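Chain letters run A, B, ... following the sequence lines, proteins first and then strands; every chain starts at 1. Quick caveat, the model's predicted, so the values are computed rather than measured.
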There are 2 protein chains.
Amino acid sequence: MSTIQDVAKLAGVSVATVSRVLNNSNLVSQDTKKLVEEAIKKLDYQPNLLGRNLRRSETKMILVLLPNISNPFYSKVVKGIEKVAHNNGYNVMLCNTDSDAKRERMYLDLLKNHLTDGVIFMAPKIEKAELAEIGKNYPVVQCCEYKEGTGVPYVSIDNFSASYMAVKHLIDIGHRRIAFLGCESKFNSAMQRKNGYIKALEDHEINFDDSIVLYGDYTFNSGFSVGHKLMALKNRPTALFAISDFMAIGVIKAIKEKGLKIPDDFAVMGFDNISFTSMYDPMVSTISQPRYDMGRAAMELILKQLQGVQCNYEELLLEHELIIRESTVK
Amino acid sequence: MSTIQDVAKLAGVSVATVSRVLNNSNLVSQDTKKLVEEAIKKLDYQPNLLGRNLRRSETKMILVLLPNISNPFYSKVVKGIEKVAHNNGYNVMLCNTDSDAKRERMYLDLLKNHLTDGVIFMAPKIEKAELAEIGKNYPVVQCCEYKEGTGVPYVSIDNFSASYMAVKHLIDIGHRRIAFLGCESKFNSAMQRKNGYIKALEDHEINFDDSIVLYGDYTFNSGFSVGHKLMALKNRPTALFAISDFMAIGVIKAIKEKGLKIPDDFAVMGFDNISFTSMYDPMVSTISQPRYDMGRAAMELILKQLQGVQCNYEELLLEHELIIRESTVK
DNA sequence: TTGTATGCGTTATCAC
DNA sequence: GTGATAACGCATACAA
């Protein structure tokens with residue numbers, strides 16, 4: 001494994017000159033540049049970035065913390081992040097946190113140890129104060145899920161409006177008794193989506209009924225069991241809005257098992273527009289988030305911080321979209 | 001940001017001693033150790049691993065190259081890798097290659113630049129010779145998909161037997177006219193699965209019929225269009241084995257659209273046992289790979305290489321399992 | 001335009 | 001047990 005020294009020796013120049021060639025400095029003559037480049041090729045030299053990183057005290061590496069890579073929602077967000085990162089000479093390090101604050105802290109050590117230059121949280125679990133503290137000392141951005149009042153910028157959607165739009169769609173196609181399937185997590189989005197549901201009912205003079213407000217944990221299984229509970233109700237609703245596609249699919253499966261027809265007997269709305277929704281039978285109506293753009297925006301916010309554009313704490317809410325499919329309209 | 005120097009000064013010892021404490025060297029007295037630890041706490045000192053990495057010329061970081069994190073197949077494999085990695089003080093860096101050799105090369109630079117200590121390929125796209133060359137110079141393991149004859153160890157399953165088992169299941173439940181949905185990729189697994197199909201037919205005296213051997217690209221959409229083609233055939237098969245669950249689901253959707261009942265009119269087998277198979281309606285019969293264990297084994301092979309257990313080029317084939325669900329048996 | 005020399009933060013070798 | 005000190009590979013301020 002050859003070093004910059006070897007190259008210098010072979011090319012008959014100093015290491016400084018080699019370094020200049022490596023970094024495209026324009027204050028090096030064409031002739032010596034050629035000389036150096038030949039030496040590099042001859043030795044098959046690859047710079048040891050550990051040296052450079054230490055010297056520059058940066059790694060050109062961004063940490064992305066996501067609950068779980070198996071969640072298909074995040075894949076496109078990551079693509080967006082990667083796109084912008086690569087365009088700017090950064091690499092991305094993806095890490096599973098399992099929605100566990102301890103694991104988040106473990107990975108945050110990479111930041112504190114100077115092994116990554118910044119971090120993008122997809123769904124921070126650590127406490128507000130902790131997040132705020134990190135945000136004060138390092139480049140940090142929240143993407144998709146976020147905590148407010150931390151001073152850490154975020155990119156997301158307006159979950160309240162999105163939820164409102166989803167429920168209004170159910171109302172528009174004639175439903176008056178609409179169940180809600182949420183999550184009792186502390187995630188902002190879960191609460192905002194519930195509030196959107198309530199407001200939509202209110203605006204259309206539908207009474208809020210606590211008995212058809214149910215909770216799951218974002219998974220298919222939780223949706224499935226809620227679906228069965230629903231079918232056992234005396235005054236059964238005719239539609240349901242679930243705040244995750246997986247739960248929506250679980251509900252659909254349970255309802256189909258009971259022999260009901262979707263959407264004729266029962267309509268279901270999901271949230272996120274994961275790819276499965278268009279593979280399912282029936283295809284699932286849902287809310288689409290601009291995932292790729294959210295990823296891009298998040299990475300751009302990190303870059304701003306890295307470039308010391310100290311200025312602005314930003315709150316970016318991008319546009320969502322209603323996707324109407326077979327689970328609500330034939 | 002304080003350094004080891006600051007700690008040394010505050011504790012009134014040399015940097016060497018601080019370093020010893022940091023690395024749990026046992027040749028340091030309890031008293032001084034306490035002194036140093038207090039200083040560390042007081043300064044909120046975090047070691048800068050860039051220094052350590054340069055000095056030790058290792059990063060305790062492993063690169064994992066996978067086609068796409070959106071493919072749910074890989075999530076559990078990654079979990080297995082992470083488990084073993086963390087137990088041994090390593091971190092894992094996940095990277096999307098989009099099945100593109102260029103992107104693979106880009107990420108391999110991280111290895112050549114000493115930014116990661118080893119690499120696990122989930123489905124290498126680079127040429128054999130290239131892979132062999134990398135394997136000669138760095139710790140490398142192939143996991144799941146692999147190329148033979150490169151000298152690079154791998155962990156996988158016996159795709160031939162797995163496929164044979166899948167087709168035999170269809171034969172066992174009475175099918176004689178069984179379509180095959182493969183992929184024309186150069187992946188070993190694709191070919192072995194086709195061979196397993198052929199052998200199973202042969203062993204049960206069923207004629208191989210080229211007209212019901214079809215190809216897709218692993219995706220739902222390709223399965224969907226093949227499903228429609230299938231339904232248009234004059235001498236329609238009664239069952240199909242797809243070498244990916246997504247394609248199997250695509251076929252199922254197409255068949256249901258034509259009004260056929262599954263499994264009564266048509267049976268479908270998938271491959272991989274992604275979680276979506278047990279959410280679908282019908283739930284999909286498939287072959288389960290020991291994904292978590294494959295990940296663990298792969299990481300263990302990397303560790304062996306890292307520890308200089310130069311010895312053995314290994315080829316590990318773990319056990320698969322037949323999962324019978326509604327798409328083949330009521 | 002090029003070379004010399006210093007330091008980034010750490011570990012490890014060698015003295016004591 | 002502990003302390004000086006020399007690396008690790010590179011980038012850069014300064015000199016020439």
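When the side-chain nitrogen and oxygen atoms of B:N23 are compared with OP1 and OP2 of C:dT11, one or more of them lie within a distance under 4.0 Å. Dashed line: the shortest gap from a side-chain N or O of A:Y45 to OP1 or OP2 of D:dG9 is not under 4.0 Å. Side-chain nitrogen and oxygen atoms of A:N48 include none within less than 4.0 Å of the OP1 or OP2 phosphate oxygen of D:dC8. Considering only side-chain N and O atoms, B:S57 lies nowhere under 4.0 angstrom from the phosphate OP1 or OP2 of D:dG9. Taking 4.0 angstrom as the limit, B:R52 places a side-chain polar atom (N or O) nearer than this to OP1 or OP2 of C:dT11. Under 4.0 angstrom from either OP1 or OP2 of C:dC8 there lies no side-chain N or O belonging to B:T3. Contact check, B:T17 against D:dG1: no side-chain N or O comes under 4.0 Å of OP1 or OP2.
In this structure, A:K9 places its NZ atom 14 Å from C1' of D:dG9, rounding to the nearest Å. Distance, B:R56 CZ to D:dC8 C1': 13 Å, rounded to whole Å. Put simply, CD1 on A:I4 is 14 Å from P on C:dT4, counting in whole angstrom units. One can place CZ of A:R20 at 8 Å from P of C:dT2, the figure rounded to the nearest angstrom. The distance between atom CG of A:L35 and atom P of C:dT1, rounded to the nearest whole Å, is 16 Å. Rounding to whole angstrom units, CG of residue B:L49 and C1' of C:dT10 are separated by 10 Å. Here D:dA11 presents its C1' atom at 14 Å from CG of A:N24, a figure rounded to the nearest Å. The CG atom of B:N113 sits 12 Å away from the C1' atom of D:dC10 (whole-angstrom rounding).
Counting any heavy atom pair closer than 4.0 Å across all strands shown, A:V18 reaches no nucleic acid atom.
A donor-acceptor contact shorter than 3.5 Å is absent between the side chain of A:E104 and the backbone of A:L65. Judged purely by atom type and a 3.5 angstrom limit, B:K128 uses its side chain to pair as donor or acceptor with the backbone of B:E148.
Distances were taken from every side-chain heavy atom of A:L22 (C-beta onward) to each of C:dT1, D:dA11, C:dG3; the shortest belongs to D:dA11. Nearest nucleotide to the B:Q5 side chain, out of C:dT2, D:dT12, C:dT10: C:dT10. Closest to the side chain of A:L54, from the set C:dT1, D:dT2, C:dC8, is C:dC8. When each of C:dT10, C:dT2, D:dA4 is scored by its nearest atom to the side-chain atoms of A:L27, the top-ranked nucleotide is C:dT2. Checking D:dA11, C:dT2, C:dT11 against every side-chain atom of B:R55, the shortest atom distance belongs to C:dT11.
Atom CG in B:N87 sits 11.5 Å away from atom CD in B:E82 (nearest 0.5 Å). Atom NZ in B:K33 sits 9.0 Å away from atom CG in B:N26 (nearest 0.5 Å). Between atom OH of residue A:Y90 and atom OG1 of residue A:T59 there is a gap of 8.0 Å, rounded to the nearest 0.5 Å.
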Side chain to side chain contact (heavy atoms under 4.5 Å, CB included), that's the test. Do A:N137 and A:K112 meet it? Break it down for me. CA-CA 9 Å; A:N137 298 310; A:K112 295 176 179 169; over 6 Å; no
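The 5' end of DNA chain D is approached more closely, in terms of each residue's nearest nucleotide, by B:A16 than by the other of A:V15 and B:A16.
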